[in-house]
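I have placed the structure first, in the form of structure tokens, so that the comments after it can refer back to it.
Note that this is a predicted model, so its numbers are computed, not measured. In what follows, every chain begins at residue 1, and chains take the letters A, B, ... in the order their sequences are listed.
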Number of protein chains: 2
Amino acid sequence: MTAPSPRALTEPVEDYLKAIYELERRNGAASTSEVALALAVAPASVTGMVRRLAAQGYLDHVPYRGVQLTAAGRAAALRTIRRHRILETYLTQVLGYPWDRVHDEAERLEHAASDELIECLAAALGHPTSDPHGAPIPTVDGLVDERVHRTLADLAVGHTARMVRVASDKDPDLLRYLADIALRPGAEVTLVARAPYDGPLTLRIGEAQPIVGPNLAAQVLVEPVLTPAPASAASATEPKPAASRARRR
Amino acid sequence: MTAPSPRALTEPVEDYLKAIYELERRNGAASTSEVALALAVAPASVTGMVRRLAAQGYLDHVPYRGVQLTAAGRAAALRTIRRHRILETYLTQVLGYPWDRVHDEAERLEHAASDELIECLAAALGHPTSDPHGAPIPTVDGLVDERVHRTLADLAVGHTARMVRVASDKDPDLLRYLADIALRPGAEVTLVARAPYDGPLTLRIGEAQPIVGPNLAAQVLVEPVLTPAPASAASATEPKPAASRARRR
DNA sequence: CTCGATATTTAGTGCATCCTAAATTGTCCG
DNA sequence: CGGACAATTTAGGATGCACTAAATATCGAG
Ligand SMILES: [Mn+2]
Ligand SMILES: [Mn+2]
Ligand SMILES: [Mn+2]
Ligand SMILES: [Mn+2]
């Protein structure tokens, strides 16, 4: 099945497969121009690369229609994503790297580190399941939590949620701002008010009440929080079966 | 002075400059075939790369005569060597990597890590001055201990020396064997006997008396050790001024 | 001093990746 | 249904880095 590839993916190839995987997840498909945008290359370059990757069995390409990963392509993408996220976690947790700067570093190291090193880091971290931005870390054999989360922008006024992750870790300014207002994975956030016509949202995070725009809110992925009733212990362990169903492949 | 380079050395370029630096140090010059051998490429490939690097001001090339680093070339080489050796030290000391496997890993990471990360690792290690193989780590501004050491093969029978470093860290088998007989930087070794006609050497390291071939002995760089006389304190602090002169540029 | 072995360079290619400009295709609106 | 416009692919090139085979320079031996 696997094509007679030169037995090691190049850096550009790994980045293409990773980008296509993410686009497929977000948008259900990956178009030439989306990939071009994500990788900052010309659309024509994407067409060329896509032809080669399709020939090597990493993806299916219907001209003028878009591109889809094969099993081999998805496996390669998830391997790179695992490396990226383990590296980010190590940089943050062990070396004290700020969370807005780990992405660029990991973007290069992910192609250079050996499997042995990656697993060594993972072990040193106690086999983490999510990276500093809350993104799930695929397992060695390519299983990953693919749950889709709601965003802070969709939260109903008065409701509380727990932040799960940032939609993308590529924007340092956004990440710095989120850190400023203490919005990080695990944080509880309440939507206090929402201005009409897609206006700003008033949040409560701990004591603070930051006001954020809808664009930012759409970048913050949340999950419902099981508010423990102050005195009555009954509803605390409410199962919530539907929301916690992990999709693994 | 610096040529209009595309503002970042590629991985092959960094490896060429590093190899040329090492050859220049060892042999006083770097010939096309030596570089080709060191990098496992064809001699014709070296000629091509050398032409480009000379055009960019990293080295001087006299056709048919050999190649020499310019100041820019030496600086680039030392930067890569610093990264390599800091990475090796981190892998060994913090992650418990065996000393015979750090080289290959560092050989790739050295091109991907940012300056920031390298300095972060150096700080975490307390700014080490030598790598796991005893090789000196250049400073950020390109200063390096360039002392030339004698080898174990040159030691006089009956004399004791302290191992400084392994001549090269590229041979895992050699490194594993050295570790087996407890020959590591800092170890004290006494030459007990030398068989004639370039025969094997009998050493004493701690309690053990391993017998090694002259090829191996030539890979082990040593410095004279100031044997503290058990009772008489006279000869202990013998100055030995010539041997300890550090050459820094 | 000349010859031949050896080292080195030149010539001619291939492949991966990128680019710009010019076709081509798909879509959607009037 | 027929364009217009946007998205996409094709065409034609460039760059970096590698290779093999052929030419050429160097140098030591006789
Ligand atoms: Mn990358
Ligand atoms: Mn991340
Ligand atoms: Mn290298
Ligand atoms: Mn080393």
Side-chain angles (χ1 to χ4, degrees), chain A residues 3-20 23-24 27-68 73 76 80 107-108 110-112, chain B residues 3-20 23-24 27-68 73 76 80 107-108 110-112:
Chain A
S5 60
R7 208 68 286 141
L9 272 21
T10 65
E11 182 160 338
V13 164
E14 288 185 334
D15 283 337
Y16 271 91
L17 292 175
K18 201 162 54 114
I20 291 168
L23 288 168
E24 221 175 288
N27 312 359
S31 72
T32 298
S33 47
E34 283 168 338
V35 176
L37 194 67
L39 296 175
V41 296
S45 306
V46 175
T47 303
M49 178 63 96
V50 151
R51 180 203 314 303
R52 238 174 309 142
L53 293 182
Q56 289 173 38
Y58 291 110
L59 40 83
D60 295 323
H61 180 215
V62 183
Y64 292 100
R65 272 293 150 62
V67 99
Q68 227 182 332
T80 308
E107 195 59 50
R108 283 171 283 108
E110 64 189 356
H111 314 288
Chain B
S5 60
R7 208 67 286 142
L9 270 23
T10 64
E11 181 162 337
V13 165
E14 288 184 334
D15 283 337
Y16 270 92
L17 293 175
K18 200 161 54 113
I20 291 168
L23 288 167
E24 221 176 289
N27 312 359
S31 71
T32 298
S33 46
E34 283 168 338
V35 176
L37 194 66
L39 296 176
V41 297
S45 306
V46 175
T47 302
M49 178 64 96
V50 151
R51 177 200 318 300
R52 239 174 308 143
L53 293 182
Q56 289 173 38
Y58 291 110
L59 39 83
D60 296 323
H61 181 215
V62 184
Y64 292 99
R65 271 292 148 63
V67 99
Q68 229 181 330
T80 308
E107 195 59 51
R108 282 171 284 109
E110 65 189 354
H111 315 289

Check your understanding: Do the non-hydrogen side-chain atoms of A:Tyr16 and A:Leu59 ever get within less than 4.5 Å of each other?
Key -> no

Review point. Under 4.0 Å between a side-chain N or O of A:His61 and OP1 or OP2 of D:dT8?
Key: no

Tabulate below the donor-acceptor pairs under 3.5 Å that side-chain atoms of residues 34-52 of chain B make, not counting sequence neighbours, or state none.
unit_1  : atom_1 : unit_2  : atom_2 : d
B:Glu34 : OE1    : B:Ser31 : N      : 3.0
B:Glu34 : OE1    : B:Ser31 : OG     : 3.3
B:Glu34 : OE2    : B:Asn27 : ND2    : 2.7
B:Thr47 : OG1    : B:Pro43 : O      : 3.4

Practice item. Considering just the side-chain nitrogens and oxygens of A:Arg65, establish if one lies under 4.0 Å of OP1 or OP2 belonging to D:dA7. Key: no

Check your understanding: So which heavy atom on A:Ala54 is nearest to which on A:His61, and how close?
Key -> CB-CB, 4.3 Å

Check your understanding: Given side chains that start at C-beta, do those of B:Leu17 and B:Thr80 come closer than 4.5 Å, heavy atoms only?
Key -> no

Practice item. Could you tell me, to 10°, how much the axis swings from one end of the helix from C:dC1-D:dG30 to C:dG30-D:dC1 to the other, five pairs per end? Key: 20°

Exercise for review: Could you tell me the separation between the CZ atom of A:Arg51 and the P atom of C:dT17, rounded to a whole number of Å?
Suggested key: 14 Å

Check nucleotides 22-25 of chain C against the protein and report each pair of N or O atoms closer than 3.5 Å, with its distance, or say if there are none.
none

Review point. Under a 4.5 Å cut-off applied to non-hydrogen side-chain atoms, are A:Tyr58 and A:Ile20 in contact?
Key: no

Point to revise | Options C:dT8, D:dT8, C:dT27, nucleotide nearest the side-chain atoms of A:Thr32 | key: D:dT8

Exercise for review: Would you please name every residue forming a side-chain hydrogen bond (donor to acceptor under 3.5 Å, both in side chains) with B:Glu24, sequence neighbours left out?
Suggested key: none

Practice item. In whole angstrom, give the distance that lies between atom CG of B:Leu53 and atom P of D:dT15. Key: 17 Å

Check your understanding: Closer than 4.0 Å, any side-chain N/O of B:Ser33 to the OP1 or OP2 of C:dT8?
Key -> yes

Point to revise | Interatomic distance where CD belongs to A:Glu14 and C1' belongs to C:dT17 [whole Å] | key: 15 Å

Review point. With A:His111, which residues qualify under side-chain hydrogen bond (donor to acceptor under 3.5 Å, both in side chains), at least two apart?
Key: A:Glu14, A:Asp15

Check your understanding: What is the distance from CG of A:Leu37 to P of D:dA6, rounded to the nearest Å?
Key -> 17 Å

Grab the N/O contacts between the protein and nucleotides 17-22 of chain D below 3.5 Å, and write none if there aren't any.
unit_1 : atom_1 : unit_2  : atom_2 : d
D:dC17 : OP1    : B:Thr10 : OG1    : 2.5
D:dC17 : OP2    : B:Arg52 : NH1    : 2.1
D:dA18 : OP2    : B:Tyr16 : OH     : 3.3
D:dC19 : OP1    : B:Ala42 : N      : 3.4
D:dC19 : OP2    : B:Ala42 : N      : 2.8
D:dC19 : OP2    : B:Ser45 : OG     : 2.3

Exercise for review: Round to the nearest Å and state the distance from A:His111 atom NE2 to C:dT17 atom P.
Suggested key: 12 Å

**Study point:** Length of the CD-P vector between B:Glu34 and C:dT6, whole Å
**Key:** 17 Å

Check your understanding: CG of A:Leu9 versus C1' of C:dA16: gap in Å, rounded?
Key -> 13 Å

